[in-house]
There are 2 protein chains.
Amino acid sequence: MDDLETRELRYFVAVAEELHFGRAAQRLGMAQPPLSRAIQQLERRLGVGLLERDRRGVALTAAGEVLLREGRATLDAAAAAARRARRAGGADGPGERLVLAAKAAGSHELLQKLLDAHAAEPGAAEVEVLLCGLCEQEAMLRDGRADVALMYTPFNSLVGFDSEELATEGQVAILPAAHPLAARTTLSLADISDVPGLPLARWPRRDGGYPPGPGPEIRDQTQLAQLVALGRTVAVFPEYGRSWLWAEHAAVPLTDAPPVVTHIAWPPHSRSRALAGLVRTATRL
Amino acid sequence: MDDLETRELRYFVAVAEELHFGRAAQRLGMAQPPLSRAIQQLERRLGVGLLERDRRGVALTAAGEVLLREGRATLDAAAAAARRARRAGGADGPGERLVLAAKAAGSHELLQKLLDAHAAEPGAAEVEVLLCGLCEQEAMLRDGRADVALMYTPFNSLVGFDSEELATEGQVAILPAAHPLAARTTLSLADISDVPGLPLARWPRRDGGYPPGPGPEIRDQTQLAQLVALGRTVAVFPEYGRSWLWAEHAAVPLTDAPPVVTHIAWPPHSRSRALAGLVRTATRL
DNA sequence: CGCCGTGATACCTGCCAGGTATCACAGCGC
DNA sequence: GCGCTGTGATACCTGGCAGGTATCACGGCG
């Protein structure tokens, strides 16, 4: 059967995400009629209805859901192909360059040790560090902006990547130093989940949404630090968070929070010497 | 930057595989000049040389190698998107259908048990079994011909898939019943690797090539069975091979061959109820 | 009953993918 | 040396299709 063109997938993904032909067309920088036509053609070629148009917006069919998921993966793969090929050709003079994606709020100590150890290796590839927000490493690996990433389970998902475990650590409660609970030597999740006047901070889920609850929605570490210092919230955070604590903060170990495991992860089928070297260095730390 | 179209990737992959514009064009069902032009355009758009033309054939540059690997993955993803969407829409009447890929020469017992157990589950999805050759399950999962597969490490690679371990077993030497070694109760790899007049059969590697050596190149299990029965070769094979032995064959356990682990594997990010049910059934066997 | 806002249709046009014919060049047999 | 063959590149043309504009059909809503 004839293949899907990435153009068609781009169009479909835009419509499926917006659930609105007009807005999708605008986002794609084109007029609405050709977009409608393109989607109709796609449906005819696949022999399957993708969208349920009912005069008041648009809904995905089961087949549409599948194509949205697989289409996104395909577009990521295409973007990755372009980026990686471009990079492989651009800098063939000084040897390969690696792009390492890491959470900006991640463990500075580990990152520093990894970069130092790698730089000390003879013939090590140059490593560019790409710091990202809370959950973007996965997307960066998938679409080729990064070659390798530091990921933290259970926050990041390792599904679809190769990885090696680097370290395991507990989590702490980060709370205002002045709060009575800050004096405790250990806490449990139950202790901090229903404190009057000190709601539990809410981290974004993988889909970008937030779990329900009274606490503030956290977008980055700075914001969290400020909120805790102001006495407005308490948060669960990995041990390495101790390194950025303010005087107004206190960290108390949590006995029953799930442990956080740091992994180094990379796209499957990557077989470059530079990447292998960095991974080897990392596992030896 | 503007995306790559799958058309361009198809063209490039064809040329990169053939290393010959004329043959590639023929394979693509088009004339050579537009193909040359398309590749030139692609190189200009990426800003990177992909092929080294030197008047006597064509060679891949470093960037070309990268684009070949990533391009194949992208094309597989696109094919998978089309197939899975088509299937998701086609059979929405009787519930989801699953396509299970399994090696034709794999363990019949395990497959039978899995299918029986799954069929006994209430509300189980219909499972279509797709039997394939020696190493095709990976490609089938990647390009959407199958939804889930039984894979055998170390023969299959699990890189890029999610999987669960199902069983572990040893390997046996399969040799002519009349041969003196057939009388032994156990053997080591050293015992069978240099037997005069009985060379070791060579299995295909993952890239489709064969390791060097004097023994015959094996393409399927029937061929192997015939060769062993004729006294022409000895082969290393998982325990489950005992089920298809002929009277002319003997199987002797190998003490130092790597164990074979059976996994059930599926593409990452598959989150269908039907698949989850089959995997759950499999892990409970 | 007009008036939006939705997606679909009709129709036109310019671009580009692809075809044919040909070139430029390197090896090679004589 | 001189064709001959086989390589990829170039020149030029054409048809189809992607995309634009104008408009329709229709459902909610004041």
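What you see is a predicted model; the values in this text were computed from it and never measured. Note: hydrogens, waters and symmetry copies are ignored here, and every other heavy atom, side chains too, is used. A note on names: the letters A, B, ... follow the listed sequences, proteins ahead of strands, and every chain is numbered from 1.
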Are [X] and [N] close enough that a side-chain N or O sits under 4.0 Å from OP1 or OP2?
| X | N | value |
| --- | --- | --- |
| A:S36 | C:dA8 | yes |
| A:R53 | C:dT6 | no |
| B:R7 | C:dA17 | yes |
| B:H20 | D:dG6 | no |
| A:Q41 | D:dA18 | yes |

Practice task
Measure from CG on B:L42 to C1' on C:dC16 and round the result to the nearest Å.
Solution key: 16 Å
Handout entry: Atom-pair distance (CG on B:L51; P on D:dT7), nearest Å
Key = 16 Å
Handout entry: N/O donor-acceptor pair, side chain B:Q32 with base D:dA9, under 3.5 angstrom
Key =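 Side chain to base: pair present.
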Problem - A:W266 side chain reached by A:L278 side chain, heavy atoms, under 4.5 Å - result: no
Problem - Donor-acceptor under 3.5 Å (B:R69 side chain, A:A81 main chain) - result: no
Exercise for the section: Keeping the roles fixed (side chain from B:T6, backbone from B:L75), state whether a donor-acceptor pair exists under 3.5 Å. Expected result: no
Practice task
Please work out if A:E8 contacts a base, only the sugar-phosphate, or nothing of the nucleic acid, heavy-atom cut-off 4.0 Å.
Solution key: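 Answer is nothing: A:E8 stays at 4.0 Å or more from every strand.
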Problem - For A:V99 against A:R145, the heavy-atom pair lying closest together - result: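 Heavy-atom minimum between the residues: CG1-O, 3.3 Å.
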Exercise for the section: Find which nucleotide of DNA chain D each of A:R37 and B:G22 is nearest to by heavy atoms, and output the residue with the more 5' nucleotide. Expected result: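 The 5'-side residue here is B:G22.
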